[in-house]
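Sequential numbering from 1 along the given sequence is applied to the chain's residues.
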Amino acid sequence: MAKEMKDLQKQWHSMMETIHSNPHVVAFMNSRLGRYLDNHPFVTLSLLVFMAVSAVPVAFFLIFAISTTIIACLGMVIIEGFVVSLGGVTLLCVLGGLGLVSLAVSGLLSVSYLALRTMLSYWSDSK
């Protein structure tokens with residue numbers, strides 16, 4: 001089991017070196033925003049979770065907006081403005097809720113990571 005863990009750790013370090021040697025990643029990490037996110041991992045995780053969970057509602061909204069625009073081209077301009085406004089307000093509410101959910105998931109993942117790290121540290125120290 002220890003050999004498998006070392007192999008997995010070696011693969012992980014190799015993948016991380018590949019990512020960190022990418023010139024785009026290096027340029028981003030040297031920027032002001034990259035340094036801030038590097039120093040605040042909870043904010044980084046929250047943004048990552050938020051972007052992941054908000055992709056589907058934004059895609060649905062874009063499909064909705066395009067389809068209502070096509071319908072508006074057929075002559076329903078006033079209804080289209082109202083419906084897109086209503087959709088925008090709905091999207092705003094959904095994204096606000098997803099922001100709260102992403103903060104909760106980030107907190108849960110952070111606590112899980114700390115608990116797992118502590119348990120693994122305790123396990124390796126007991127051997």
**Distance in Å, E17 CD paired with N22 CG, rounded so as to fall on 0.5 Å steps** = 13.5 Å
**Hydrophobic cluster membership, W12 vs V25, 4.5 Å side-chain cutoff** = yes
**Asked** In Å, rounded to the nearest 0.5 Å, how long is the span from CG of L45 to CG of L108?
**Response** 10.0 Å
**Prompt:** Between the side chain of S14 and the main-chain N/O of K10, is any donor-acceptor distance below 3.5 Å?
**Reply:** no
**Prompt:** Under 3.5 Å, is there a donor-acceptor pair between the side chain of R35 and the main chain of M29?
**Reply:** no
**Approximate separation, where rounding is to 0.5 Å, of T68 OG1 and I63 CD1** = 12.0 Å
**Asked** Which atom pair, heavy atoms only, marks the closest approach of L103 to F42?
**Response** O-CZ, 4.0 Å
**Message:** Less than 4.5 Å apart, side chain to side chain, heavy atoms only: is that true for F28 and L37?
**Reply:** yes
**Request:** Give, for atom CZ of R117 and atom OG of S112, the distance between the pair rounded to the nearest 0.5 Å.
**Result:** 13.0 Å
**Prompt:** Within the side chain of S102, is there an N or O that forms a donor-acceptor pair under 3.5 Å with the backbone of V49?
**Reply:** no
**Request:** Report the C-alpha distance between D38 and T44 in whole Å, list the side-chain angles of each, state the deciding distance to 0.1 Å, and finish with yes or no for side chain to side chain contact (heavy atoms under 4.5 Å, CB included).
**Result:** CA-CA 8 Å; D38 193 33; T44 305; over 6 Å; no
**Request:** Output the distance between atom OG1 (T69) and atom CG (L62), rounded to the nearest 0.5 Å.
**Result:** 10.5 Å
**Fill in**
Of all heavy-atom pairs linking V84 and F64, the shortest is CA-CE2, 4.5 Å
**Request:** Could you tell me whether the side chain of L98 reaches within less than 4.5 Å of the side chain of P57, counting heavy atoms only?
**Result:** yes
**Request:** Would you check if M15 and T18 make a side-chain contact, meaning some heavy-atom pair closer than 4.5 Å?
**Result:** no
**Complete:** Separation between CG (L47) and CG (L33), nearest 0.5 Å, reads 8.5 Å
**Asked** Can you check whether Y36 and H40 have ring centres sitting under 6.0 Å from each other?
**Response** yes
**Prompt:** Between L100 and V105, is there a shared hydrophobic cluster once you connect ILVMFWY residues whose side-chain heavy atoms come closer than 4.5 Å?
**Reply:** no
**Asked** Has F60 got more than 12 heavy atoms of other residues, nucleotides or ligands less than 6.0 Å from its CZ?
**Response** no
**Request:** State plainly whether one hydrophobic cluster holds both V56 and L48, where clusters connect Ile, Leu, Val, Met, Phe, Trp and Tyr through side-chain heavy atoms under 4.5 angstrom apart.
**Result:** no
**Asked** Is Y113 atom OH crowded by more than 12 heavy atoms from other residues, nucleotides or ligands, each under 6.0 Å away?
**Response** no
**Request:** Measure the shortest side-chain to side-chain distance between Q9 and H13 over non-hydrogen atoms and say whether it is less than 4.5 angstrom.
**Result:** yes
**Asked** Any donor and acceptor pair, going by atom type alone, linking the side chain of S54 with main-chain N or O of F50 inside 3.5 Å?
**Response** yes
